[in-house]
Amino acid sequence: MTAVAPLSSSGPASSDAAPGTGHDPDGAVTDSGAGRTRRGLTPYWLLLPAGLWLAVFFVAPLFYQASTSVQSGSLEEGFRVTWQFSNYTDALGTYGEHFVRSFGYAAVATALCLLIGYPLAYMIAVRAGRWRNLLLVMVIAPFFTSFLIRTLAWKTILSDGGPVVGALSALHVLDVTSWLGLTGDERVLATPLAVVCGLTYNFLPFMILPLYSSLERIDTSLLEAARDLYAKPATAFRKVTFPLSLPGVVAGTLLTFIPASGDYINAQLLGSPNEQMVGNAIQKQFLNVLDYPTAAAMSFILMALILIMVSVYMRKAGTEELV
């Protein structure tokens, strides 16, 4: 009787192999070139919607604004690209004070947001316990109301003869702020202080949330180790907590300073013509004067200055050097 020889392991590949796979000489299943190509293209397919969105709503308008900024002409005669780079120097010379005022207000508002937001974020992340979620909802609750309505509310709060102005006047706080040039005679509305207060209030959540995110991720065992080494609470905070929360500080300051620099609603509603920011000047050039090239040039100057300041700030305090 003839015995049947067993099949050799080096025989032909099984027909049950999955599509896009093959066998190497040792019999192991390997991916074919087509399978690797499909997987390699998957990230790009996932990025395609976002890329198209940015191309249509960011890159294309950016090029259009760049073209507008070097045009000349009028609305009646039409605007033409004449490479009028003097639009930039004229805008910077005419509205230089607005740029300085915008960055000054934004810097002060950012500093106030940090001073107010850091203790609150620390309390929510470390001490709030079961009240944490409620406090976080209270932080983001203003976002459920229109930005414009919130700013108009501050116009009512700071109105002349209101309780806030009366209390500040009774405590002689207005005497100090008036001496510093932040308020007028016995009034807060239509002064630099009112604009800064509006900016601080409206952008405070943008500071608190990144700070909370960084503080909440800090390993508490590090603080326990600091206490075991007889570090005082202030020393532990200075040596452990604050350095580890610096990524949140950097993110919060950027998220606050950048939009505050271009804001115009707070200066429009809470300030006077003497407190106008560069955003107000751009709006006026676009909607009232109808000088589109100058407005576009001012927009690019503002964007360039912000990019320069952010680049310097990130180089000095970038998150890659913080921890």
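Between Y118 and F237, the angle of the ring planes goes over 60°, which puts this pair in the perpendicular group of the 30/60° scheme.
Nearest heavy atoms, L189 versus A194: CA-CB, 4.1 Å. Among all heavy-atom pairs drawn from G181 and P192, the shortest one is O-CG, 3.9 Å. Summarising the geometry of P119 relative to L114, their closest heavy-atom pair is CD-O, 4.2 Å, with the distance given to 0.1 Å. Residues L290 and F79 come closest through the heavy atom pair O-CZ, 3.7 Å. When all heavy atoms are compared, the tightest approach of S272 to A190 is OG-O, 3.8 Å. Pairing each heavy atom of P210 with each of A251, the nearest pair is CB-CB, 4.0 Å.
Here the side chains of Y95 and V278 are not in contact, with every heavy-atom distance at 4.5 Å or above. Side-chain contact between M298 and H98 is absent, with no heavy atoms from C-beta onward closer than 4.5 Å. You'll find the side chain of F103 reaches within 4.5 Å of the side chain of L302, heavy atoms only. Within the 4.5 Å cutoff, the side chain of L62 has heavy atoms near those of the F300 side chain. By the 4.5 Å heavy-atom criterion applied to side chains, V310 and L254 are counted as neighbours. Put simply, the side chain of N202 reaches to within 4.5 Å of the side chain of F147, judged on heavy atoms. Between Y44 and T42 there is no side-chain heavy-atom pair separated by less than 4.5 Å. The closest side-chain heavy-atom distance from T177 to L174 is below 4.5 Å.
Of the possible donor and acceptor atoms, none in the side chain of S214 sits under 3.5 Å from a partner among the backbone N and O of L211. Side-chain N or O atoms of S311 include one that pairs as donor or acceptor with a backbone N or O of L307 at under 3.5 Å. Looking at S245, its side chain does come within 3.5 Å of a backbone N or O of F242 through a donor-acceptor pair. Under the 3.5 Å distance criterion, the side-chain polar atoms of T253 are matched with a main-chain donor or acceptor of V250. Side chain of D291 to backbone of Q285: no donor-acceptor contact under 3.5 angstrom is found. At distances below 3.5 Å, not a single donor-acceptor pair connects side-chain atoms of R101 with backbone N or O atoms of E275. S74 places a side-chain N or O within 3.5 Å of a backbone atom of E77 that can act as its donor or acceptor partner. Of the possible donor and acceptor atoms, none in the side chain of T200 sits under 3.5 Å from a partner among the backbone N and O of C113.
Residues L287 and Y64 do not share a hydrophobic cluster, defined by chaining ILVMFWY side chains whose heavy atoms lie under 4.5 Å apart. Under a hydrophobic clustering in which Ile, Leu, Val, Met, Phe, Trp and Tyr are joined whenever their side-chain heavy atoms come within less than 4.5 Å, directly or via other members, L112 and V249 fall into different clusters. The cluster map of Ile, Leu, Val, Met, Phe, Trp and Tyr, joined by side-chain heavy atoms under 4.5 Å apart, puts Y313 and L305 in the same cluster. Y122 is not connected to L255 by any chain of hydrophobic side-chain contacts under 4.5 Å among Ile, Leu, Val, Met, Phe, Trp and Tyr, and they are in different clusters. Hydrophobic clustering keeps L182 apart from V100 (ILVMFWY residues linked when any side-chain heavy atoms are closer than 4.5 Å, directly or through intermediates).
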List, one per line, each side-chain donor-acceptor pair under 3.5 Å for residues 124-140, sequence neighbours excluded.
| unit_1 | atom_1 | unit_2 | atom_2 | d |
| --- | --- | --- | --- | --- |
| R132 | NE | I124 | O | 3.2 |
| R132 | NH2 | A125 | O | 2.7 |

ask   = Given L270 and L199, is the side-chain contact (heavy atoms from CB on, under 4.5 Å) satisfied, shown in steps?
value = CA-CA 10 Å; L270 303 178; L199 291 171; over 6 Å; no

ask   = R217 and L244: side-chain contact (heavy atoms from CB on, under 4.5 Å), yes or no, with the steps?
value = CA-CA 9 Å; R217 290 199 303 264; L244 292 177; over 6 Å; no

request  = Decide side-chain contact (heavy atoms from CB on, under 4.5 Å) for R150 and Y201; before the verdict, give the C-alpha distance in whole Å, the side-chain angles of both, and the deciding distance to 0.1 Å.
outcome  = CA-CA 9 Å; R150 284 182 277 145; Y201 167 75; 3.8 Å; yes

key: side-chain contact (heavy atoms from CB on, under 4.5 Å) between V164 and V188, worked out   = CA-CA 9 Å; V164 173; V188 176; 5.9 Å; no

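Counting only residues at least two apart or in different chains, side chain to side chain donor-acceptor pair (under 3.5 Å) contacts with residues 156-170 comprise D160-R187, S169-E186.
Atom CG of N280 is separated from atom CG of D263 by 8.0 Å, given to the nearest 0.5 angstrom. Here CD1 of I258 is found 11.0 Å from CZ of F203. Values are rounded to the nearest 0.5 Å. Taken from OH in Y292 to OG in S69, the straight-line distance is 15.5 Å, to the nearest 0.5 Å. Taking NZ of K232 as the reference point, atom NZ of K239 lies at 14.0 Å (rounded to 0.5 Å). With values rounded to the nearest 0.5 angstrom, Q84 atom CD is found 9.0 Å from T89 atom OG1. Distance check: Q268 CD to L148 CG gives 10.5 Å after rounding to the nearest 0.5 Å.
Y264 and F286 have their aromatic ring centers separated by at least 6.0 angstrom. Between F143 and F206, the gap from one ring centroid to the other is short of 6.0 Å.
With sequence neighbours left out, S299 forms a side chain to side chain donor-acceptor pair (under 3.5 Å) with no residue at all.
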